[in-house]
A.B. asks: 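One structure is given below, represented as structure tokens, and several questions about it will come after.
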Amino acid sequence: MPRFELSSQYDPHAVERPLYERWLDAGAFTPRADGKPYVIVMPPPNVTAVLHMGQGLDMVTQDVLIRFERMRGRAALWLPGTDHAGIATQNVVERLIAKEGKTRFDLGREQFVERVWAFVRETGTTILEQLKIIGASCDWSRRRFTLDPEYSRAVREVFVRLWEDKLIYRGHRVIHWCPRCLTSLSDEEAESEEIDGKLYYIRYPVKEGRKPYITVATTRPETLLGDTAVAVNPNDERYRAFVGKVARLPIVDIPIPILADQAVVPEFGTGAVKVTPAHDATDFEIGLRHKLEMPLVMTEDGRMEHPTRVPKALADLDRFDAREKIVDILKERGLLEKVEPYRHVVRRCYRCDSVVEPRLSDQWFVKMKPLAEPALEAYRSGEIRLVPERWGATYQHWMENIRDWNISRQLWWGHRIPVFTCVKCDHEWAAREDPAACPKCGGPVQQDPDVLDTWFSSWLWPFATLGWPQETPDLQRFYPGHTLVTGPDILFFWVARMIMAGYRFLKDEPFETVYMHGIVRDTQHRKMSKSLGNGIDPLDVVRLYGADALRWTAIAGVSLGSDLILDPKDLETTFAPGRNFANKLWNIGRFILSQLPEPVQPVESFEWSELPLADRWILMRANEAVGAVTASMEQFRLDEAAKRCYEFVWGDLADWYVEAVKPRLASRGSDAAAAQAVLAQCFDAALRLLHPVVPFITEELWQKLPGRAANELLAVAPWPAFQPDCVDAELDLQFLRVKQVVEGIRSIRAQYNVPPKTRLRARITARGRDQRKVFEAERETIQRLAQLEDLSFDGGAKRVGAYAVFGDGSEVFVALEGAIDVQHECRRLSGELTRLEQQLERLAAKLTNQQFVARAPAEVVAGEREKERAWRDQRQALADKLKSLGCS
RNA sequence: GGGCGAAUAGCUCAGCGGUUCAGAGCGCCUGCCUUACACGCAGGAAGUCGGGGGUUCGAAUCCCUCUUCGCCCACCA
């Protein structure tokens, strides 16, 4: 009698939350006290973030890995947390207060920062709570935030150490400036985008020249107001006469020198270039070389402003409005030679998408070369591995050409830069503790107003989260970590820098493998984003299909490192497969559980050789699945692991084994006991193998298996062990023949439209004696699966019916008196014969090809010979059938 | 301008040198509510593996080239 009443459909919502609670209560996600550690640090989401599909993929991937290793007995630590995300978070709160009609300047620094904290306290755990919904098995007791006091100490320590090592310096140069966020950005934070723009050719009047003007080409005419020279290449004959002359800067109407500089490419534009040292990085270099003035002609928010260079008509205009107006003025004055369409790159702020303005300013930089060297070496020596490997080239290229890192941001939200200046004696230094007075002269001190780049704190994540610079037990135990899982989009921002920080400050790699999955995109291969409205809310998916369905699609839907393509307009197609599979699993469980006694005898208590073929076969298949799934997991081929489980559960266990043993189970006799034992064992193994991918439903079912202790959890149960000596290809082949017989009969049934309820009579003629024994032993299985009322072997009287012939020449006859259409049967069989003959012909050609026989490996040749023999038998059998039917 | 990736069934993708290798899921067609499951069962149809060339006894699978998409990097304004 059934021990459980389970509904016929799996209801994820009824089980997910309680199970998660149970895992938490049991401390299942805390690393076990003993055992070799396995550590994944979670890429910390922005503290204001809500879960999107990209993170969903990232997190589920990590969860699969951590659950797998946890089951394998490792002291598995998945360390969660959030990032304060300087610009992003400040923007969010600025928008909030904008609704009250205020700016951060109205509030003042202190109040604004307090406001951000209030917001973070209120909403900062949202995304972490969402992770629980999708089943993330992180150790919440070790949750970190990049602005935690301990973490901040690490950030400050790192800054001071780099300062002491002379790797931090103040740079006066042209950096990327976001006029909307009002801060400088690193090179990485200014994303390039190709646009269809224009190239403006502008005439700069020249008094003493042979020609009345020199023409320059530019994509940003508005910067003309900041020009302090015109430059040409020193080797450019065309302009030799101009060098040393003075041009008249249009609109501003001031003299500027025409000079020669190597940086100018003669082939581009006119070969003459306007030089705007304060608003262009190359021009800045030219300016330095020629000691040019470097006037800023724009405000921080991108409006034109300069006491002498910006005329009233242009003052205060936004840079793009100013561009149009300046072009108009130039046109009016005949100074605009031409305008060409021109495809070029602009840089955009990665947080707000504004076009970034190159701007001369003072910023703090980190010298990166010394940091990059060990990180590069670690990759080259294989100490750190990138998966997929192809990212190695990108990583190397970036490291080899690394540029100094601008780490100061003109924001209020973040780690304040610990550089202090004495108001009295100008002494400047970095300090671990806030100083009360200047250590040199005792004068009052001022702290640098800027904060650090967010990534300057997150690059310490693998060890700052473990208590560094304190020598904590966690740090000793869990550093270095093992696997980092992330998307390739933050390879430079984060991954590369973590590696550098690890070697610099811990003298050891932060992790051994970086696994980079792909990006989540829609069916048009566009990245999912809020602005495109093509996103999928993972929580919607959980609501509609359950967390396991979401996880299934995220894992089974992508191969190693490839993008995940999802259709936001068709969630059903996208996520139903996972739900359906969960439901299938549920119902297999429902059936098996209804059949199992308490307790179930262990499989080991049965003599292997006495188990029926089907039992030995499914046990072997289970074992094979264990081997394959384990191997796939180890290689990050998570999709293969998931699909292998699917095949075993659905294709082998449900479609064949469960159906095959139903009669035995129904008999309730001694035959049933073995079947029960085998079912229990196989199902248990399947649940274990599937648990990392679909933790909820597997735990729920596993709990119901007989013999479960009250406090046992699948989440911390051992991973099944693969037994290489149980692999048996012969066994598989034998059962394959059984399957083929069944399928042959089913196919005949369908072709002759025999109603499912009609029981047929069939006769098998086996090719070899062994095979006959197999068929006889599995007679009941075949009868049931093929819906037969009678199955006989060999010899019976010739009757009218249909035949199917198999690879080894065995054949099955299905009696179809009255129903048989001889013509049709002839066509069917001769079709098969033709196909077989063609195959044989090809094979024969291959085998008579001396080149093949001589050069191909002997075992391949032998295999082909064997194949030929079997096919000949099959052909013979088919030909006989045709003859006996009287086909012409 | 460099570098990388992708192109296989209507859709999303596996397969990446040799077992009937041309596959899976979804979709489609034909039967079935066969007492675990219609989120299911059984049986089918469906692709000259982007084009061309080459290497090899043998090529979706390796090499070259072209085409089309996508991504990353680069101070020719």
Side-chain angles (χ1 to χ4, degrees), chain A residues 6 8-10 174 192 199 216-220 223 231 263-269 272-276 280-285 342 344-345 358 388 390-391 393-394 397-398 401 488-489 491-492 518-519 521 523 525-527 545 549 556-559 561-567 570 572-574 576-595 639-640 643 646-647 654-655 658-659 662 743 746-751 753-757 784-785 787 807 835-836 839 843 846 849-857 859-861 863-864 866-867 871:
Chain A
L6 300 184
S8 68
Q9 275 196 3
Y10 171 56
V174 172
S192 343
L199 190 60
V216 301
T218 181
T219 55
R220 297 188 297 150
T223 62
V264 182
V265 178
E267 292 76 29
F268 185 87
V273 60
K274 57 191 276 310
V275 181
T276 323
D280 184 279
T282 313
D283 293 2
F284 172 74
E285 299 295 326
Y342 183 56
H344 65 112
V345 171
R390 63 186 141 89
W391 289 108
T394 309
H397 182 260
W398 187 80
N401 299 285
D489 44 341
L491 179 59
F492 307 141
I519 310 271
R521 301 177 185 281
T523 49
H525 293 212
R526 299 176 307 179
K527 205 167 161 173
Y545 303 96
V558 275
S559 61
S562 69
D563 289 345
L564 175 61
I565 311 295
L566 303 176
D567 189 348
D570 189 356
E572 179 69 18
T573 296
T574 308
R579 176 203 56 189
N580 295 352
F581 179 52
N583 196 239
K584 185 71 183 182
L585 198 59
W586 180 257
N587 275 290
I588 295 166
R590 201 155 75 101
F591 175 76
I592 291 177
L593 290 169
S594 73
Q595 301 297 325
D639 62 319
E640 283 181 8
K643 286 171 188 161
Y646 182 101
E647 271 171 42
D655 287 349
V658 166
E659 293 305 325
K662 275 178 177 171
E743 284 168 342
R746 282 172 176 170
S747 184
I748 288 169
R749 176 190 287 278
Q751 292 207 32
N753 294 319
V754 181
K757 291 220 167 86
R784 176 181 162 83
L785 295 178
Q787 307 271 48
R835 192 175 53 84
L836 192 62
Q839 282 181 198
L843 192 55
K846 199 173 184 181
N849 181 342
Q850 281 311 106
Q851 300 281 25
F852 172 73
V853 177
R855 299 210 191 179
E859 54 199 69
V860 172
V861 179
E864 298 294 297
E866 183 50 46
K867 210 189 326 182
W871 287 0

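Just so it is clear: chains get the letters A, B, ... in the order the sequence lines come, proteins before strands, and each one is counted from 1.
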A.B. asks: Between A/Arg579 and A/Gly589, which is nearer to the 5' end of RNA chain B once each is assigned its nearest nucleotide?
C.D. replies: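 Residue closer to the 5' terminus by nearest nucleotide: A/Gly589.
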A.B. asks: Please give the distance between the C1' atoms of B/rA22 and B/rC4 as a whole number of Å.
C.D. replies: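 So the two C1' atoms sit 28 Å from each other.
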A.B. asks: Would you say A/Ser747's side chain and A/Glu743's backbone share a donor-acceptor pair under 3.5 angstrom?
C.D. replies: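 Not a single qualifying donor-acceptor pair exists.
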A.B. asks: Output the single nucleotide from B/rG40, B/rC37, B/rC33 whose closest atom is nearest the side chain of A/Ser8.
C.D. replies: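 Of the options given, the side chain of A/Ser8 lies nearest B/rC37.
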A.B. asks: Look only at the side chain of A/Asn583 and the backbone of A/Arg579, and say whether a donor-acceptor pair between them is shorter than 3.5 Å.
C.D. replies: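 No; judged by distance alone, with no hydrogens or angles, the pair does not exist.
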A.B. asks: For A/Asp563, what residues pass the salt bridge (charged side-chain N to carboxylate O under 4.0 Å, His left out) criterion, not counting sequence neighbours?
C.D. replies: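 If we apply the salt bridge (charged side-chain N to carboxylate O under 4.0 Å, His left out) test to A/Asp563, skipping adjacent residues, the hits are A/Arg521.
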A.B. asks: Would you confirm whether A/Arg746, through its side chain, and A/Leu785, through its main-chain N or O, come within 3.5 Å as a donor-acceptor pair?
C.D. replies: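 Here the side-chain-to-backbone pair exists.
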A.B. asks: Is it the case that atom NE2 in A/His344 sees more than 12 heavy atoms from other parts of the structure closer than 6.0 Å?
C.D. replies: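 Check passes, neighbour count above 12.
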A.B. asks: Enumerate, in order of first residue number, the stems that involve RNA chain B, defined as 3 or more consecutive Watson-Crick or G-U wobble pairs with both distances under 3.5 Å.
C.D. replies: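 Listed by first number, the stems are B:1-7 with B:67-73, B:10-13 with B:23-26, B:28-32 with B:40-44, B:50-54 with B:62-66.
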A.B. asks: With a 4.0 Å limit, can you tell me whether A/Asn580 has a side-chain N or O closer than that to the phosphate oxygens OP1/OP2 of B/rG40?
C.D. replies: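 So the side-chain polar atoms of A/Asn580 do come within 4.0 Å of the phosphate oxygens OP1 or OP2 of B/rG40, strictly under.
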A.B. asks: OP1, OP2 of B/rA36 versus side-chain N and O of A/Tyr10: anything below 4.0 Å?
C.D. replies: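 No, A/Tyr10 has no side-chain N/O under 4.0 Å of OP1/OP2 on B/rA36.
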A.B. asks: Using the C1' atoms only, state how far B/rA7 lies from B/rU61, rounded to an integer number of Å.
C.D. replies: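 Looking at atom C1' only, B/rU61 and B/rA7 are 15 Å apart.
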A.B. asks: Answer with base, sugar-phosphate or nothing: what part of the nucleic acid does A/Phe581 contact at a heavy-atom distance below 4.0 Å?
C.D. replies: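 Since no nucleic acid heavy atom lies under 4.0 Å of A/Phe581, the category is nothing.
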A.B. asks: So which nucleotide from B/rA77, B/rC37, B/rA36 ends up closest to the side chain of A/Phe268?
C.D. replies: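 Closest nucleotide to the A/Phe268 side chain: B/rA77.
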A.B. asks: Report, one pair per line, the protein and nucleotides 17-19 of chain B atoms (nitrogen or oxygen only) whose separation is under 3.5 Å.
C.D. replies:
residue: B/rU19; atom: O3'; partner: A/Lys867; partner atom: NZ; Å: 3.3

A.B. asks: Would you classify B/rA45 as syn or anti? Syn applies when the glycosidic angle is within 90° of 0.
C.D. replies: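 Anti, which is what one calls it when the glycosidic angle falls more than 90° from 0.
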A.B. asks: Between B/rG18 and B/rG10, how far apart are the two C1' atoms, rounded to whole Å?
C.D. replies: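 Going atom to atom, C1' in each nucleotide, I get 32 Å.
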A.B. asks: How many whole angstroms separate atom NZ of A/Lys274 from atom C1' of B/rC75?
C.D. replies: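 Distance check: A/Lys274 NZ to B/rC75 C1' gives 14 Å.
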A.B. asks: If the condition is ring-ring contact (aromatic ring centres under 6.0 Å, His included), which residues does A/Trp586 pass it with, not counting sequence neighbours?
C.D. replies: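 Here the qualifying residues are A/Tyr10.
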A.B. asks: Please tell me which of the listed nucleotides, B/rA77, B/rC39, B/rG5, lies nearest to the side chain of A/Arg390?
C.D. replies: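 That would be B/rG5.
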A.B. asks: Of the non-hydrogen atoms in A/Asp283 and A/Thr276, which two are nearest, and what is the gap between them?
C.D. replies: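 Nearest pair, atom of A/Asp283 first, then A/Thr276: OD2-N, 2.7 Å.
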A.B. asks: Taking the minimum atom-to-atom distance to the side chain of A/Thr394, which one of B/rA77, B/rC72, B/rC73 wins?
C.D. replies: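 Selected nucleotide: B/rC72.
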A.B. asks: Expressed in angstrom and rounded to an integer, what is the separation of A/Glu659 atom CD from B/rA36 atom C1'?
C.D. replies: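 The answer, rounded to whole Å, is 9 Å.
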A.B. asks: Between B/rC11 and B/rU48, how many Å separate the two P atoms, rounded to a whole number?
C.D. replies: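 13 Å, rounded to whole Å.
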A.B. asks: Nearest whole angstrom, please: distance from the P of B/rG40 to the CG of A/Asn583.
C.D. replies: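 Interatomic distance, CG of A/Asn583 to P of B/rG40: 7 Å.
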A.B. asks: Mind calculating the distance between CD1 (A/Ile592) and C1' (B/rU35) to the nearest angstrom?
C.D. replies: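 Between C1' of B/rU35 and CD1 of A/Ile592: 17 Å.
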A.B. asks: What interatomic distance, in whole Å, is found between C1' of B/rG17 and the corresponding atom of B/rC76?
C.D. replies: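 After rounding to an integer number of Å, I get 46 Å for this pair.
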A.B. asks: Take atom CH2 of A/Trp391 and atom P of B/rG3, then tell me their distance rounded to the nearest Å.
C.D. replies: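 My rounded result for the distance is 16 Å.
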A.B. asks: What is the distance from CG of A/Asn401 to P of B/rC72, rounded to the nearest Å?
C.D. replies: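 A/Asn401 atom CG is separated from B/rC72 atom P by 18 Å.
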A.B. asks: RNA chain B: A/Asp280 or A/Asn587, which has the more 5' nearest nucleotide?
C.D. replies: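 Going by which nucleotide is closer to the 5' end, it is A/Asn587.
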A.B. asks: Listing time: all N or O pairs from protein to nucleotides 8-15 of chain B that are below 3.5 Å?
C.D. replies:
residue: B/rA14; atom: OP1; partner: A/Ser559; partner atom: OG; Å: 2.4
residue: B/rA14; atom: O5'; partner: A/Ser559; partner atom: OG; Å: 3.4
residue: B/rG15; atom: OP1; partner: A/Arg637; partner atom: NH2; Å: 2.9

A.B. asks: Pick the C1' atom in B/rA46 and in B/rA24, then give their distance to the nearest Å.
C.D. replies: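 Rounded to whole Å, the distance is 14 Å.
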A.B. asks: Got a donor-acceptor contact below 3.5 angstrom from the A/Thr223 side chain to the A/Arg220 backbone?
C.D. replies: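 At least one qualifying donor-acceptor pair exists.
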A.B. asks: Can you tell me, in whole Å, how much space there is between the C1' of B/rG50 and that of B/rU8?
C.D. replies: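 10 Å, rounded to whole Å.
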A.B. asks: Restricting to nitrogen or oxygen on both sides, can you table the protein-nucleotides 41-45 of chain B pairs closer than 3.5 Å?
C.D. replies:
residue: B/rC41; atom: OP1; partner: A/Lys584; partner atom: NZ; Å: 2.8
residue: B/rC41; atom: OP1; partner: A/Trp650; partner atom: NE1; Å: 2.5
residue: B/rG44; atom: OP1; partner: A/Ser747; partner atom: OG; Å: 2.9

A.B. asks: Please tell me if A/Lys662 has a side-chain N or O lying less than 4.0 Å from either OP1 or OP2 of B/rA36.
C.D. replies: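 Result: yes.
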A.B. asks: Kindly say whether, by distance alone, the side chain of A/Gln9 makes a donor-acceptor pair under 3.5 Å with the base of B/rA38?
C.D. replies: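 Side chain to base: no pair present.
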A.B. asks: Can you tell me the distance, in whole Å, between the CD atom of A/Glu267 and the P atom of B/rC75?
C.D. replies: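 Those two atoms, CD and P, are 18 Å apart.
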A.B. asks: Could you work out the separation of B/rG27 and B/rU68 based on their C1' atoms and round it to a whole Å?
C.D. replies: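 That atom pair is separated by 26 Å.
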A.B. asks: Quick one: which of B/rG25, B/rA36, B/rA74 gets closest to the side chain of A/Val345?
C.D. replies: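 The answer is B/rA74.
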A.B. asks: Roughly, in whole Å, what's the span from CZ in A/Phe492 to P in B/rC73?
C.D. replies: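 Taking CZ of A/Phe492 and P of B/rC73, I get 6 Å after rounding.
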